[in-house]
Each structure stands twice: as C-alpha cells, then as structure tokens.
Protein chains: 2
Amino acid sequence: MALSVREQIADNSRIDILSAAAKCFMDRGYAAASIDDVARSLGATKGRIYHHFPSKADLFAAVFKHGMDLNYEAVRPFIDQPGPALPRWRRMAMAHVLLMIDTKPFQRAVWIGVEMHLRGATTPEQRSVFNELIEYRHNYGMLFRNTLLQGRDEGVFRFDDLSITNQLMFMTLNSPIFWYSPRVGETRADVEVVAKKVVDYALGGLSKRREESA
Amino acid sequence: MALSVREQIADNSRIDILSAAAKCFMDRGYAAASIDDVARSLGATKGRIYHHFPSKADLFAAVFKHGMDLNYEAVRPFIDQPGPALPRWRRMAMAHVLLMIDTKPFQRAVWIGVEMHLRGATTPEQRSVFNELIEYRHNYGMLFRNTLLQGRDEGVFRFDDLSITNQLMFMTLNSPIFWYSPRVGETRADVEVVAKKVVDYALGGLSKRREESA
DNA sequence: ATGAACATACTACCGGGTATGTTGTCAACG
DNA sequence: CGTTGACAACATACCCGGTAGTATGTTCAT
C-alpha cells in the first residue's frame, strides 16, 4: 500500500531514530544507552523520540524487529529454492554474514535483546512484546535448522545434536557483529572475502571430518 | 606465603563478593547490575562491598582478573608440552571449554569487559587498569595463536588469516557461556560430551577440508 | 485552525559514592 | 588475668548526578 507524503516523512523520521538508537544500543548496551543519547546523536531532544515511541523498551523492540526484518529479507530469496542443501546453506549463510557486517548496529541490538530475554531481564509488561520478537527470531533460526537437517539426510553434514550444532553455527555466523570493523580503503570484494572465511569456518564444523581420533 | 587466620577470613569474604558480583554482572550486565544487587544477593549491604573494593569499576576489574586467572590456571599444564600441535590444541581447547561451563559467571564478566573495552566504554581513569586486563587476556589468546601457527606449519591446520581464524575459534570455544545451562541429573561425563562437541566444531573450521568448491 | 512533529521544562526515582556509626576481635599493658 | 584501645569488617544514613517519563509549549503545513 502506498504511503502519503506526510506518512512518508514520518516514516523516514522513524527510521532515522531507529538507526541512531541501534548505534547507541550497540555502543553502550541497553541499560547504559539513554534516550537523551539517542536524541543527541540526532541533534534533537527527547520529545522527538517519545513522540514516535511510547517508551525506551518499545524503541528497543522496534530496533530489534527492524533488524530481524532485514534478516528475513536477506535470506528470503534462497529459502524456497529446491535442490541440495549445501549450496542453499552456503547462500543463506553468506547472505546472513554479509548482513551482520552491513547492519551491525541492528544486529547487535538483536543480540542484546536475545541475551536480555535469556536472562529474564524483562519486566512483565514487556514480556509479551519480547516473546513475539523472540519467536520471530526463532522462526528465522528454523530456516537454517531445516537446511541442516536436509543436509544431514543428504550426507553432506555431520552432527548428532541439532540444538548445539545450531548454536555453534549461529555463533560463528553472527560473530562479525563483535569483531568486524571496516578497514580503510576496503572494497566490497574485501568484505566478501571476510564473509566467505566466516562461512567456511562455520561449514567446517558441519562437514564430515577426515580424522576422528582424539 | 602463608596467610594469617584474619587474612584468610578476609580473603574468603573477598572471594564471596567476587562470586556474587560475577553472577550479578552476568544476570544484568555491567551497567544494570547495582552494588546493592550484589550486596543483597549476599545478605549484606553496600558497606561490605565498598570496604573491599573502592568502586564498582574496581570490583568488576577484580572479577575480570579472577576469571582470567582461572583461564591461565586451566591451560597452564599444557602450554609447555612439546610435541605436535594438534593434541596440545585439543587439550587446551577442552580445558578452556570446560572452564567456560564451570565458571560461567566469571567468564561472562570477562566477555563483558572485553566488549566494553572494544566499545571504548571506559572512563579515562579506568583505562589503565582495563588496559592491563585486556593485555592479560591478549597474552592468553597468544597461547592459542602460537599453537595455531605451529599446527599450520605441521600441516594439520589450514587458514590464511590468523586474526580472523583466532576470532572465530575463540567465538566457538567461548560460546557455552551464552547457551550452556546444566540439565537436571547431568553427570560430569555429560558435560564433557558437550564440551567435546564444541571442541570438535571449532576444530572443523581449522582443519583441511575435503571439498573446496563453492 | 487543527493537529502533527517536535522542543522545553519539570518531576520522581534510582544508583554510585561517602561519611559516619556499631560490633567483634586481638594485642599489649598493668 | 582482666582491662582497654585500636582496628578490621561491616551496617546505616545521607548526598547528588543522571535518566525515564510527563506535561506543556511552539511551529509549520494542510
């Protein structure tokens, strides 16, 4: 559906706030990031933030959701592709890692949100909103889990504990949100080389080994 | 050197505070964990904390350092062992992962500290103390890096970018601090099985592959 | 002139840090 | 051997800066 001009402007302002908030949450963590920080980084004041979002928790949830939307969007072209699991997994993983690099602040916010949920660091009223987001993310994880299972059936992946393997795989694929930072003069090709190293490492843990001795 | 009875008692109290603080930092993060929380979890008040530690930052630094001390202690038996890199790496990695599981609160605090340092979320006066801790941790990482290099020379490991590989490896080995939680009726053998899965996954990313095509 | 999109001004509260009590223990002294 | 005083190991009470949230202007486009 088309947005009117006014709605378009309002939506742009909303996205600007989300981006600034994501960066603040990444830089200082949820608790230490203040609404004033977010506003200041926009050259604005609290009034602007609270006009669009009812509370800090809701602002954070919006950042979380936007990050997850980006995730779905990135892997959507591949999830319904038929054929063997390995090449599809490679494309999904590559898209995922590149997204981690390209939208680091949002992905860090997602991470923070998951961590908070695991710790139970949410107030009861936030709980329902958060549960939806966590389920949203869980379903995203399912896309990879299904591919992992198919790959195991096909004999290209080797693992016995799906849950742990999935954790380790995502840990690897997500890790650039912590250690990646762009180098001066870095080209897109350079970024893709880095992403490929991450994907290859993650794949190594999934593939059959040549040596199995301790 | 032997401690007197009084010193022994004081040291025990200090360790109790460190343990409680580690748990609070893990459960709420650095910013959201209050000194009152730590004290409350000990059935005490702020006075006790501030009698032993001059500030929240110093308390956190002590938790960090204690966590790193545990790390060094765990891998120390292996670092000077001669012989091929692979078995030594396996032992070091296994000891590391088991420590992540056994001392999760402290290791989470170490993680939080590293993250804060990377974000520059430290005040100037904390900076010098923090830099020491980060260097302390960096040297610990060097123990693994050296083994990685030796393994590559021996032909058992395959990677081109040492820095990225090291990041990915540690990310995998550290990951239990996020997703591990003990199951009811879990035995030590069960824990070691989990740890072995982690080590194997990390090793998979280091080993030579059978297929290199995209 | 009406409401969206902000800015300004203010309140309430929480948490780090401090200043000051209180209690038990040990050591030296008479 | 009892007394005392000095200090460690806390608890209590308080201050104060920062922050989430609110209430109320102000401006501008439609």
Side-chain angles (χ1 to χ4, degrees), chain A residues 2-21 24-25 27-63 112 116 121-126 129-130, chain B residues 2-21 23-25 27-63 109 112 116 121-126 129-130:
Chain A
L3 296 173
S4 74
V5 176
R6 287 181 71 94
E7 285 169 332
Q8 185 72 35
I9 291 173
D11 207 57
N12 284 342
S13 180
R14 221 184 97 98
I15 297 265
D16 287 345
I17 294 173
L18 287 181
S19 297
C24 285
F25 286 134
D27 287 342
R28 315 199 174 202
Y30 177 78
S34 75
I35 301 288
D36 285 316
D37 285 336
V38 178
R40 203 173 4 251
S41 72
L42 287 165
T45 66
K46 276 166 123 141
R48 181 171 172 192
I49 314 290
Y50 278 101
H51 180 70
H52 291 271
F53 303 93
S55 73
K56 182 180 176 179
D58 286 274
L59 171 60
F60 179 77
V63 172
I112 291 171
M116 286 174 64
T122 50
T123 68
E125 65 257 15
Q126 299 164 11
V129 180
F130 244 79
Chain B
L3 297 173
S4 73
V5 176
R6 287 181 73 95
E7 284 168 331
Q8 185 72 35
I9 292 173
D11 208 57
N12 285 343
S13 179
R14 222 184 97 99
I15 297 263
D16 288 343
I17 294 173
L18 286 181
S19 298
K23 202 168 196 172
C24 285
F25 287 135
D27 287 341
R28 316 199 175 202
Y30 176 79
S34 75
I35 301 288
D36 284 318
D37 286 336
V38 179
R40 206 175 0 255
S41 71
L42 287 164
T45 64
K46 278 161 115 147
R48 181 171 172 193
I49 314 290
Y50 279 101
H51 179 71
H52 291 271
F53 302 94
S55 74
K56 183 181 179 181
D58 286 274
L59 171 60
F60 180 77
V63 172
I112 292 171
M116 287 175 63
T122 49
T123 67
E125 65 258 13
Q126 298 164 11
V129 179
F130 244 78

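Note: hydrogens, waters and symmetry copies are ignored here, and every other heavy atom, side chains too, is used.
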*Measure from NZ or CZ of A:K56 to the centre of the six-membered ring of A:F25, then state whether that distance is under 6.0 Å and the direction lies within 45° of the axis.*
no
[X] [atom1] - [N] [atom2] separation (whole Å):
| X | N | atom1 | atom2 | answer |
| --- | --- | --- | --- | --- |
| A:Y50 | C:dT8 | OH | P | 17 Å |
| B:D58 | C:dG16 | CG | P | 14 Å |
| B:I35 | C:dT18 | CD1 | P | 12 Å |
| B:Q126 | C:dG16 | CD | P | 13 Å |
| A:F53 | D:dG21 | CZ | C1' | 16 Å |
| B:I49 | D:dC10 | CD1 | P | 9 Å |
| A:F60 | D:dA20 | CZ | C1' | 16 Å |
| B:D36 | C:dG15 | CG | P | 7 Å |

_Side chains of B:R40 and B:S34 only: does a donor on one sit below 3.5 Å from an acceptor on the other?_
no
*With a 3.5 Å cut-off and no angle check, do the side chains of A:S19 and A:D16 form a donor-acceptor pair?*
no
Categorize [X] for me: base, sugar-phosphate, or nothing, with a 4.0 angstrom heavy-atom threshold over every strand shown.
| X | value |
| --- | --- |
| B:A33 | sugar-phosphate |
| B:A39 | nothing |
| A:S34 | sugar-phosphate |

_D:dA20 base / A:K46 side chain donor-acceptor hit below 3.5 Å_ = yes
*Spell out yes or no: do the side chain of B:K56 and the base of C:dG17 have one donor N/O and one acceptor N/O closer than 3.5 Å?*
no
*Side chain of B:R48: nearest nucleotide among C:dA7, D:dA20, D:dC10?*
D:dC10
OP1, OP2 of [N] versus side-chain N and O of [X]: anything below 4.0 Å?
| X | N | answer |
| --- | --- | --- |
| B:S13 | D:dA9 | no |
| B:H51 | D:dC10 | no |
| B:H52 | D:dA8 | no |

*Could you tell me whether the side chain of B:T122 reaches within less than 4.5 Å of the side chain of B:V129, counting heavy atoms only?*
no
_Contact check, side chains of B:L18 and B:L59, non-hydrogen atoms, under 4.5 Å_ = yes
*Pick the nucleotide of DNA chain D nearest each of A:G47 and A:D37; which residue has the one closer to the 5' end?*
A:D37
